[in-house]
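This report refers to the structure that appears directly beneath it.
By convention in this document, chain letters (A, B, ...) are assigned in the order of the sequence lines, proteins followed by strands, and residues within each chain are numbered from 1.
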Number of protein chains: 2
Amino acid sequence: MSVGIRHDDLRRRNRAMVISAVRRAGQPSRTEIAATTGLSHSTISAISSDLIQEGILAESKGSETVSLKRGRPQVGLSLNPEAAAVLAVVLSLNSLSVAVIDYAGQVVAEEQRRLDTLTMSRDELIDECVAIVRRRLEDPDLDVQSVARIALAIQGITDSHARAMLWSPITPQTNIAFADILEREFAIPAIMENDCNMMAVALRWRDPDRYRDDFIAILLSHGIGMGLVLKGELFTGTHSSGGEFGHMIHRPGGALCRCGRRGCVEAYAGNYAIWRNARQLSENAEPVADVSDAEMRALAARARETDGPEREAYRKAGEALGFGLGSLFALIDPAPVAMVGASAAAFDLIEPALREAIAQTAGGQHSGSISFDTEPNELPLIREGCAMRALSFVDQEIFAPSIQARAGSVGKNVA
Amino acid sequence: MSVGIRHDDLRRRNRAMVISAVRRAGQPSRTEIAATTGLSHSTISAISSDLIQEGILAESKGSETVSLKRGRPQVGLSLNPEAAAVLAVVLSLNSLSVAVIDYAGQVVAEEQRRLDTLTMSRDELIDECVAIVRRRLEDPDLDVQSVARIALAIQGITDSHARAMLWSPITPQTNIAFADILEREFAIPAIMENDCNMMAVALRWRDPDRYRDDFIAILLSHGIGMGLVLKGELFTGTHSSGGEFGHMIHRPGGALCRCGRRGCVEAYAGNYAIWRNARQLSENAEPVADVSDAEMRALAARARETDGPEREAYRKAGEALGFGLGSLFALIDPAPVAMVGASAAAFDLIEPALREAIAQTAGGQHSGSISFDTEPNELPLIREGCAMRALSFVDQEIFAPSIQARAGSVGKNVA
DNA sequence: GCTCTTTTTTTCGAGCCTCGAAAAAATACT
DNA sequence: AGTATTTTTTCGAGGCTCGAAAAAAAGAGC
């Protein structure tokens, strides 16, 4: 059972809703907000007047759109870019990047570095992250006071409280509480998120028509990751970021996976698996640490050219992904899929076997109607998701705060 | 974004919360309710006074517990059994049952019938359901006016709006809108639910300590079903009841499943699969329609006795369940599992191979800590879940109604 | 048996919040 | 310039929750 609603919660929630409506719509008028929220004009007027006075929203006078209708013209409300700023940090294999984003969602500064994450020590990894954030915060153009949140995305498993990286393929280190470390270092609230989950968040902001309530984002890269939105909410595991689609079992006792187990989907569809099969190495061959994008492009080109082991490798990848998706669809029903990452560019090689495999599974009856979309560039997507996540936090926790933390919840009602 | 909260919603929600607190706690005092909901004593007092006046709650004077403390004794609030009644109908293979339950959750009447569901026509099936409900409603001891809800659980896939059975192993018929049919026939709101989901609901009411926020209920029967609670909420597919654990793919292209596809978990762990393997028939052998409980018990006894094909059949079942659970745990993280149904009595034969398989999967690191519980009798559980579901509906939709249906939601905030 | 203490429950006024209606504001049309 | 139209603000009414205080109902002590 959720906790009772008190009188002060009411204003808080409706404030949050107005902010959220503005963030989503861009420059909605008060009338439009009233329509989407279902609240009365008087209420919207009162709340937005507060928000403007507090410098959170602003009336966008500049964009005097040519009013085609007569009557008093609607005046658009927009987010005040200076109300706050957030940092989005993305840590992936051999790469660390950070972006400063203003409250309106515009990138105002960014920095990217190459690192050798696989060989770095725990402290080196932490120090690099702290240092790159510090450099951004020391930028004289930035008002440090306004930085309200740091969001860090990592390829790997994070805990469900968004505090720590539990395990990652990009480093042998485990259990690094990045969120706590950054928070202590800079006294700015920080969260730690899984990269694929952030991809899903970003897709939802980018194309809410296609990616609305239920969809799947799959990262086809050295490993296989997934971000899943169900019923309009990001799906996470009960203890971790969850959604380890790449480690569902495709063939019990099958090919050797980077995680040390056997038969995972990733052991057939990850870059290293495609590379291993293309070279006709044994399924027991130790996964290689990294395969360059150029090398993968060469494999794909060769697969398109001749019907040799390269094409067969992509076929096996498609089959593994297809049976994995089929099992997933048995649990959640089919949903639109976005294939993200460098290997999404080779989706033409993967798709036939993938569809054939799905057709043999419980999700198969709708095999034809499942639509796939590809997006080869994952980094911007992850960063964007990170930024939106951080901004949403500011919207809700800082600009629409509860008067006081409420007594603990007592569990929801399931029946 | 969810819709704005209006002033009248506030009372409605808090009313619902008080009712729910009473249903959960049994006979809580106003003070206890104030503590669990976080609302003030004044508010609880006002709301409970309303509810008593409306005949929904009652002060339980009878149970004067020996007050050990001094001071004014707490007076327990309880649900008024006569406030309403609900019907729980359970349709499973060759069996149809109905129970009338009063508002306090006590069974006041029941009836059970044997049917040959596999051979019945669509109309016969519908007529039997309508007839059994009609007989209960015509009972002179029952005030028909008070019946507020009918909940029907079926073994099979239901749609996500809880209106229709889409597909079921107990009948060749498909797409029967039982909820609509009953609703039209009796002018009583009806819902249609998946049996395994109702098992999960019931477990949560029965043992909220063990089955709280995240757990899995697996039905081991002729087929394999699953009910899943995640983050305190019943997990369903996006379009259907979902959670078709039995039809996750265990071995691509493997044993023939009752659903017509190959390699499903059920094709190794369902009763017919165990029976097929025990007789050393081919994996391609057509699944038999039904195996009696007595026959399954005999198989299990023989498996315990000698290390023959029977034991191997149970081992294969355990392996399939284990890899299936392992894949599931890759997505949702490990959680407590309840094994329900006649074959749960043979869980001793299944468990070793199951644990061994899980240990080879992503969920494996916690293999030892995953706890299994068994409950051989599924029918009472399903009925109980059905009843609680129907009662919760009455609690929320009838006794705490919204003043008017609100404007459509605009999607939740994911970031 | 009476009073005191303790705990629960109710009562009451204050403070917010949202709502609907009406007024004010801002523009196009004539 | 006046009128029509649409958006936004203002204002009073009605509800809801809250805290404080009062009332109620018992046990404890003498």
Does the distance from a Lys or Arg side-chain N to an Asp or Glu carboxylate O, for Asp8(A) and Arg11(A), drop under 4.0 Å? no
Identify each atom pair where a protein N or O and an N or O of nucleotides 4-7 of chain C are less than 3.5 Å apart, giving names and distance.
residue : atom : partner  : partner atom : Å
dT6(C)  : O2   : Gly71(B) : N            : 3.4
dT7(C)  : O2   : Arg72(B) : N            : 2.8

d(CG, Leu39(B); P, dC16(D)) in whole Å: 14 Å
If you compare every side-chain N and O of Asn14(A) against the phosphate oxygens of dC17(C) (OP1, OP2), does one of them come in below 4.0 Å? no
For Glu82(B), look at atom CD and say whether over 12 heavy atoms of other residues, nucleotides or ligands are found less than 6.0 Å away. no
Starting from the 5' end of DNA chain C, give me the residue, Arg11(A) or Ser29(B), whose nearest nucleotide shows up first. Ser29(B)
Let me know the distance between CD1 of Ile5(A) and C1' of dC16(C), rounded to the nearest Å. 15 Å
Sidechain N-carboxylate O distance under 4.0 Å for Asp395(A), Arg23(A): yes
Assuming nearest nucleotide by heavy-atom distance, tell me which of His41(A) and Arg15(B) is located more 5' along DNA chain D. His41(A)
Taking CG from Asp9(B) and P from dG14(D), how many angstroms apart are they, rounded to a whole number? 20 Å
Under 3.5 Å, is there a donor-acceptor pair linking the side chains of Thr43(B) and Ser40(B)? yes
Nearest-Å distance, CG (Leu10(B)) to C1' (dC19(C))? 14 Å
Under 4.0 Å between a Lys/Arg side-chain N and an Asp/Glu carboxylate O for Lys231(A) and Asp213(A)? no
Separation of dT17(D) atom P from Arg13(B) atom CZ, nearest Å, is 12 Å
Can a salt bridge be assigned to the pair Arg15(A) and Glu54(A) using a cut-off of 4.0 Å between side-chain N and carboxylate O? yes
Output yes when at least one side-chain N/O atom of Arg12(A) is less than 4.0 Å from OP1 or OP2 of dC17(C), else no. no
Check every strand shown and say whether Ser42(B) touches a base, only sugar-phosphate, or nothing at a heavy-atom separation below 4.0 Å. base
Between Glu59(A) and Arg30(A), is the closest basic N to carboxylate O distance under 4.0 Å? yes
When you measure from every atom of DNA chain D, which of residues 43-54 of chain B have a heavy atom less than 4.0 Å away? Thr43(B)
dC19(C) phosphate, OP1 or OP2: any side-chain N/O from Arg6(B) under 4.0 angstrom? yes
The complete set of salt bridge (Lys or Arg N to Asp or Glu O under 4.0 Å) pairs with one or both residues in residues 142-151 of chain A, sequence neighbours excluded, reads none
Is there a donor on the side chain of His7(A) or the base of dC18(D) sitting less than 3.5 Å from an acceptor on the other? no
Would you say the side-chain atoms of His7(B) and His7(A) include a donor-acceptor pair closer than 3.5 Å? yes
Whole-Å distance separating the CE atom of Met17(B) from the P atom of dC16(D): 15 Å
